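Notes follow the structure.
All chains are named by letter (A, B, ...) in the order of the sequence lines, taking the proteins before the strands, and each is independently numbered beginning at 1. These numbers come from a predicted model, not from an experiment.
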Protein chains: 2
Amino acid sequence: MAKSSSCAIEYTLSLIAGKWKTVILYHLFHQPVYRFNELKKLMPDCSQRMLSLQLKELEKAGLIQKKVYPVVPPKTEYSLTKLGQSMLPVIKAMDKWGLDHHNQLNKEP
Amino acid sequence: MAKSSSCAIEYTLSLIAGKWKTVILYHLFHQPVYRFNELKKLMPDCSQRMLSLQLKELEKAGLIQKKVYPVVPPKTEYSLTKLGQSMLPVIKAMDKWGLDHHNQLNKEP
DNA sequence: CAGTATCCAATAAGATACTG
DNA sequence: CAGTATCTTATTGGATACTG
């Protein structure tokens, strides 16, 4: 984000680049609300730290929102904002492309 | 690409992540063939080195192909492969989203 | 024209331990 | 439960100069 992008697509990419952001959005499209540890379980290869960072960046980008319940033990809920929901076509297109072209997936005997 | 992705969308992202890849694809959708320096001119903020690297990765991913003419001075042409063309919905969705939501673009007086 | 080579800076990501 | 802190490594990107 150092330089302003000169191309629309660059801007879009800047918001969803990062190893886990699209995956997080993907999950939130399939279930509207997730807690931190639920997401963690869905993404076993994503460390707690990375999940935390990526959620923060998505929140900063305005794509997701976080609701914190002041209870003990803590409870937080992540969900898509309106803006995040508008990303659905992008996520869908990427998911479809991956399903169509990633031969290593869903090819178990 | 160290670990195999467990999610289709992760795979898609892995192929188009990188600061300039989607932009290159975007241009190749609007004009089927480009030479190295033509792309360079379209992307003034992308260094020659980066352009070269990103083109190489796109080629390795099978999304673009390169035709080299054995002439002096050298002439190369880059174009989308069939696989690259199949990425159109993804690029289009990202472009549209950027146009719709990046307020800093196309707002000059 | 279409790149490489080299060197360096910045950023992203991983591992592990700790906490309100 | 939902994170931080710290340290380290890996990857990416940039500047500049050079070449077949």
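OP1 or OP2 of D:dG3 has at least one side-chain nitrogen or oxygen of A:Y78 nearer than 4.0 Å. Note on A:T76: every side-chain N or O is 4.0 Å or more away from OP1 and OP2 of D:dC1. Phosphate contact (OP1/OP2 of D:dA2, side-chain N/O of A:S52, threshold under 4.0 Å): absent. Under 4.0 angstrom from either OP1 or OP2 of C:dA2 there lies no side-chain N or O belonging to B:K66. The side chain of A:K19 places an N or O atom within less than 4.0 Å of a non-bridging phosphate oxygen (OP1 or OP2) of C:dG14.
Considering only side-chain atoms of B:Q48, the nucleotide from D:dA2, D:dG14, C:dG3 that sits closest is C:dG3. In this structure, of C:dT4, C:dC1, D:dT4, it is D:dT4 that holds the atom nearest to the side chain of A:K56.
Rounded to an integer number of Å, the gap from NZ of B:K67 to C1' of C:dC1 is 17 Å. B:L53 places its CG atom 14 Å from the P atom of D:dA15, with the value rounded to the nearest Å. Distance A:L55 CG to D:dG3 P: 7 Å, rounded to the nearest Å. The NZ-C1' distance, from B:K41 to C:dG3, rounds to 15 Å in whole Å. At whole-Å resolution of the value, NZ in A:K40 and P in D:dT4 are 15 Å apart. Rounded to an integer number of Å, the gap from CD1 of A:I24 to C1' of D:dA2 is 14 Å. The distance between atom CD of A:E59 and atom C1' of D:dA2, rounded to the nearest whole Å, is 13 Å. Taking atom CD of A:Q54 as the reference point, atom P of D:dT4 lies 14 Å away to the nearest angstrom.
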Show your reasoning for whether side-chain contact (heavy atoms from CB on, under 4.5 Å) applies to B:W20 and A:L13. CA-CA 10 Å; B:W20 303 101; A:L13 185 66; over 6 Å; no
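Across all strands, B:R49 comes closer than 4.0 Å to base atoms (heavy-atom distances).
Here the CG atom belonging to B:L53 is positioned 7.5 Å from the OG atom belonging to B:S47, to the nearest 0.5 angstrom. Atom CG of residue A:L99 and atom CE of residue A:M94 lie 11.5 Å apart, to the nearest 0.5 angstrom.
The aromatic rings of A:F36 and A:Y78 are tilted relative to each other, their planes meeting at an angle between 30° and 60°.
In this structure, A:P74 and A:M50 both approach DNA chain C, and ranking their closest nucleotides by distance from the 5' end singles out A:M50.
Contact annotation: the side chain of B:I24 never approaches that of B:L42 to less than 4.5 Å [non-hydrogen atoms, C-beta and beyond].
With a cut-off of 3.5 Å on both Watson-Crick or G-U wobble distances, the partner of C:dG20 is given as D:dC1.
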